[in-house]
Amino acid sequence: MLDLRLIRNEPDLVRAGLARRGEDTSVLDEVIALDAEHRSLTARRDGLRAEIRTISNQVGALHREQRADEAGALQEASRALGAEEKELDALSDALQDEITQRLLRLPNLPAAECPDGDGEADNVVVRVEGPAPDSYQPYQRVPHWEIAEQLGILDVERAVKLSGSMFVMYRGAGARLVRALCQLAIDRNVDLYEEIRPPTLVRTDTMVSTGHLPKFVDEAYHMERDDLWAIPTAEVPLTSLGRDEIAAAPDLPRRFVAHTSCFRREAGSAGKDTRGLLRVHEFDKVEILAYCTPDQAADLHAEILHRAESIIAELGFTYRLLDLCTGDIGNSAARTFDIEVYAPGADQWLEVSSVSWFSDYQARRANLRYRPEDGTGTAVLHTLNGSALAVPRVWAALVEVYRQPDGTVAVPELLQPYFRGQTTIG
RNA sequence: GGAGGGAUGGCAGAGCGGACGAAUGCGACGGUCUUGAAAACCGUUGGGCCUUCACGGGUCCCGGGGGUUCGAAUCCCCCUCCCUCCGCCA
């Protein structure tokens with residue numbers, strides 16, 4: 001959520017930021033007008049309340065002095081003011097709702113450094129690392145869904161029987177590979193990041209805090225009977241972990257790592273990436289996330305990015321780092337770097353991690369605050385996060401890259417500790 | 001699922017229609033004393049919104065929402081959450 005005071009005091013700055021995203025800024029003018037009206041109403045309402053309080057205190061004093069019979073006129077006057085106060089209060093509440101509804105749907109302002117652009121095509125490739133994409137051998141040019149079928153490590157057909165299309169089931173060494181990847185990602189981050197195992201079903205407020213609701217309802221699984229939402233990422237529960245709390249400055253930054261299942265309806269992408277593991281409704285992901293002061297945000301963004309990148313690099317992948325443009329960053333983000341791994345079999349770059357800085361956008365929604373070092377008042381935190389490892393696409397790229405001439409898949413060195421001596425799959 | 005009990009400041013815990021944003025204790029912070037520390041004593045100690053260049057002023061918040069009243073932490077209604085017992089269950 002954007003700061004209403006910023007909208008009020010620097011409307012042009014906010015308008016310019018939203019325009020960089022290609023966002024319609026007329027909502028902003030509505031908000032500004034509603035806010036002005038709201039403030040003048042509440043000022044009048046508060047004035048009435050002050051009068052009512054004064055009168056009531058006078059009535060109370062008369063009662064104490066056994067002069068209750070003199071209170072009638074005062075009570076009458078107060079009653080009249082009360083009626084008016086009630087009316088203004090209702091109007092004020094309605095306006096507040098109108099404002100909040102609009103604010104909740106406005107996206108974050110992009111960071112100054114965020115490259116301008118209209119969409120995916122304008123993202124900036126920061127660097128490309130690892131073996132050249134054209135250096136892969138013919139035996140690596142087999143799509144993972146074919147490799148997986150040959151080796152019996154993925155059972156899409158039966159997953160569809162159980163749950164429908166775009167659900168998958170890993171078997172045998174395939175399942176073990178899922179577990180190994182997750183454990184690797186956790187183990188590499190628990191040095192600094194507190195390991196959390198959060199709930200995967202959450203309340204509406206929790207989904208609103210990260211920006212996944214109300215705007216993206218169609219993307220989320222909802223359990224109507226209990227009014228709970230299945231999380232699309234551990235970012236959701238982790239961001240609400242400190243909700244409505246005030247952190248002490250010396251405790252910052254706070255860092256968390258969590259492995260969870262993630263659930264996505266993928267409503268807008270019917271018929272897209274239907275083969276294999278490129279797009280599924282349920283998957284495992286290890287997420288790292290931090291709360292910090294605005295001053296700490298830049299360093300943490302670099303730190304999280306480095307952690308996400310190094311695991312991909314050390315797994316031996318060809319990957320590229322993208323600086324997402326204003327037209328492609330997520331709704332809640334101010335700046336995002338994507339890591340894309342090259343999958344030689346599918347011959348595609350697969351997005352395996354998104355490392356984002358949300359400035360105070362999510363923190364304001366979640367009411368995440370801290371007490372600054374100088375001890376005066378409270379200030380809104382910043383949040384950042386990134387996928388330490390998202391299973392399906394890494395799994396897919398891995399079986400393609402590590403496929404050997406005999407059709408088996410080698411277990412990367414980094415993962416061997418989790419395979420109890422097993423060095424090949426197949 | 002059934003039956004009871006509860007929700008007040010960082011914590012503990014009073015208040016049960018008027019002077020209550022809220023006693024008291026603990027904790028924390030500042031000070032006096034001390035070579036230093038402890039003890040003792042004194043003081044400070046929530047948050048939101050609006051307004052003000054500022055000092056300040058106004059208003060709201062005692063789990064959440066509604067109601068009664070001139071006036072609600074206190075009375076009434078609804079909801080949520082927590083605890084205890086019973087049932088069920090991994």
Side-chain angles (χ1 to χ4, degrees), chain A residues 1-10 31-104 197-209 223-229 237 240-252 254 261 360 363-381:
Chain A
M1 194 155 62
L2 298 178
D3 183 2
L4 184 55
R5 265 175 290 200
L6 183 71
I7 294 176
R8 189 146 75 211
N9 299 331
E10 311 268 5
V31 169
I32 291 168
L34 289 167
D35 173 52
E37 200 181 338
H38 177 245
R39 276 183 300 148
S40 95
L41 265 178
T42 48
R44 277 170 59 203
R45 182 201 61 190
D46 285 357
L48 287 175
R49 282 180 176 174
E51 282 186 64
I52 292 169
R53 267 176 75 133
T54 308
I55 294 175
S56 296
N57 285 337
Q58 287 167 359
V59 173
L62 289 176
H63 277 275
R64 254 175 279 121
E65 293 162 21
Q66 309 296 323
R67 294 156 60 200
D69 47 312
E70 298 170 37
L74 285 174
Q75 285 174 222
E76 189 55 46
S78 182
R79 215 191 323 264
L81 292 174
E84 196 182 340
E85 187 271 345
K86 205 169 171 180
E87 217 171 287
L88 290 180
D89 193 39
L91 280 171
S92 166
D93 281 355
L95 278 172
Q96 180 66 68
D97 277 358
E98 292 281 312
I99 293 167
T100 305
Q101 270 178 33
R102 283 167 175 74
L103 283 180
L104 282 177
R197 187 77 196 193
T200 44
L201 298 182
V202 299
R203 297 173 188 273
T204 302
D205 286 351
T206 307
M207 289 285 279
V208 170
S209 293
M223 266 134 278
E224 202 171 341
R225 189 182 178 118
D226 299 291
D227 195 17
L228 288 168
W229 302 81
S240 279
L241 200 144
R243 198 162 76 211
D244 298 323
E245 294 182 21
I246 302 172
D251 295 339
L252 297 168
R254 295 194 65 193
S261 294
D360 59 6
R364 185 166 285 108
R365 286 172 168 249
N367 194 212
L368 299 175
R369 291 174 297 169
Y370 72 101
R371 211 172 290 286
E373 210 73 71
D374 65 17
T376 56
T378 61
V380 182
L381 285 169

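From a predicted model like this one, the values you see are computed outputs, not experimental measurements. By convention in this document, chain letters (A, B, ...) are assigned in the order of the sequence lines, proteins followed by strands, and residues within each chain are numbered from 1.
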So, taking the atom named OH in A:Tyr370 and the one named CG in A:Leu252, what distance separates them when rounded to the nearest 0.5 Å? 8.0 Å
How far does CG of A:Asp35 sit from CG of A:Leu4, to the nearest 0.5 angstrom? 4.5 Å
From A:Leu48 atom CG to A:Glu87 atom CD, the distance as rounded to the nearest 0.5 Å: 10.5 Å
Between P on B:G46 and CZ on A:Arg371, what's the gap in Å once rounded to a whole number? 9 Å
Each nucleotide of nucleotides 58-65 of chain B classed B (base within 4.0 Å of a protein heavy atom), S (only sugar-phosphate) or -, in 5' to 3' order, makes BSS-----
With sequence neighbours excluded, residues passing salt bridge (charged side-chain N to carboxylate O under 4.0 Å, His left out) with A:Glu70: A:Arg67
Rounded C1' spacing from B:C11 to B:C86 in Å: 33 Å
Atom pair distance, as rounded to whole Å: CG in A:Asp244 and C1' in B:G46: 14 Å
Would you call A:Arg203 and A:Asp227 a salt bridge, using N to O less than 4.0 angstrom? no
Base-contact (B) and sugar-phosphate-only (S) positions in nucleotides 67-83 of chain B, heavy-atom cut-off under 4.0 Å, - elsewhere: SS-BS---------S--
Under the criterion side-chain hydrogen bond (donor to acceptor under 3.5 Å, both in side chains), which of A:Gln96, A:Arg102, A:Gln101 is the partner of A:Glu98? A:Arg102
To the nearest Å, give me how far apart CG (A:Leu41) and C1' (B:U51) are. 16 Å
What's the CD-P distance between A:Glu37 and B:C50, to the nearest Å? 16 Å
Donor-acceptor pairs under 3.5 Å, side chain of residues 79-86 of chain A to any protein atom, not counting sequence neighbours: which ones?
unit_1: A:Arg79; atom_1: NH2; unit_2: A:Glu76; atom_2: OE1; d: 3.3
unit_1: A:Glu85; atom_1: OE2; unit_2: A:Arg49; atom_2: NE; d: 2.7
unit_1: A:Glu85; atom_1: OE2; unit_2: A:Arg49; atom_2: NH2; d: 3.3

What is the distance from atom OG of A:Ser240 to atom CG of A:Leu368, rounded to the nearest 0.5 Å? 7.5 Å
Can you tell me, in whole Å, how much space there is between the C1' of B:U24 and that of B:G5? 25 Å
Could you give the CD-to-C1' distance, from A:Gln96 to B:G48, as a whole number of Å? 11 Å
Minimal heavy-atom distance between A:Pro372 and A:Gly377, with the atoms involved, is CD-O, 3.4 Å
Provide the distance between the two C1' atoms, one in B:A54 and one in B:A28, to the nearest whole Å. 30 Å
Using atom P in both nucleotides, what's the gap between B:G67 and B:C89 to the nearest angstrom? 45 Å
When rounded to whole Å, the CZ to P distance for the pair A:Arg369 and B:G10 reads 11 Å
Touch check for A:Arg44, heavy atoms < 4.0 angstrom, all strands: base, sugar-phosphate only, or nothing? nothing
Do the side-chain N or O atoms of A:Ser40 get closer than 4.0 angstrom to the phosphate oxygens (OP1, OP2) of B:C50? no
Rounding to a whole Å, what distance do you find between A:Arg225:CZ and B:G1:C1'? 13 Å
Using the P atom as the point on both nucleotides, what is the distance between B:U69 and B:G6, in whole Å? 28 Å
For residues 40-47 of chain A, which side-chain N or O atoms pair as donor and acceptor with protein atoms under 3.5 Å away, sequence neighbours left out?
unit_1: A:Ser40; atom_1: OG; unit_2: A:Glu37; atom_2: O; d: 3.4
unit_1: A:Thr42; atom_1: OG1; unit_2: A:His38; atom_2: O; d: 3.0
unit_1: A:Thr42; atom_1: OG1; unit_2: A:Arg39; atom_2: O; d: 3.0
unit_1: A:Arg45; atom_1: NH1; unit_2: A:Asp89; atom_2: OD1; d: 2.8

In the structure I gave you, are the side-chain heavy atoms of A:Arg369 and A:Asn367 within less than 4.5 Å of one another anywhere? yes
How does RNA chain B read in dot-bracket, base by base from 5' to 3', with Watson-Crick or G-U pairs under 3.5 Å and | used when the partner is on another strand? ((((((((.[[[..)..(.....]]]((((((.......))))))((((((....)))))).[[[[[..)....]]]]])))))))....
Flag yes if more than 12 heavy atoms outside A:Arg254 fall under 6.0 Å of its CZ atom; otherwise flag no. no
B:G63 and B:A73: how far apart are their P atoms, nearest whole angstrom? 10 Å
Flag, side chain of A:Asp3 to backbone of A:Arg5, donor-acceptor distance under 3.5 Å: yes
Euclidean distance for P, B:G21 against B:C60 (whole angstrom): 10 Å
Looking at B:C49, I'd like to know if its phosphate oxygens (OP1 or OP2) sit under 4.0 Å from a side-chain N or O belonging to A:Arg39. no
For B:U45 and B:G10, measure between their C1' atoms and round to the nearest Å. 10 Å
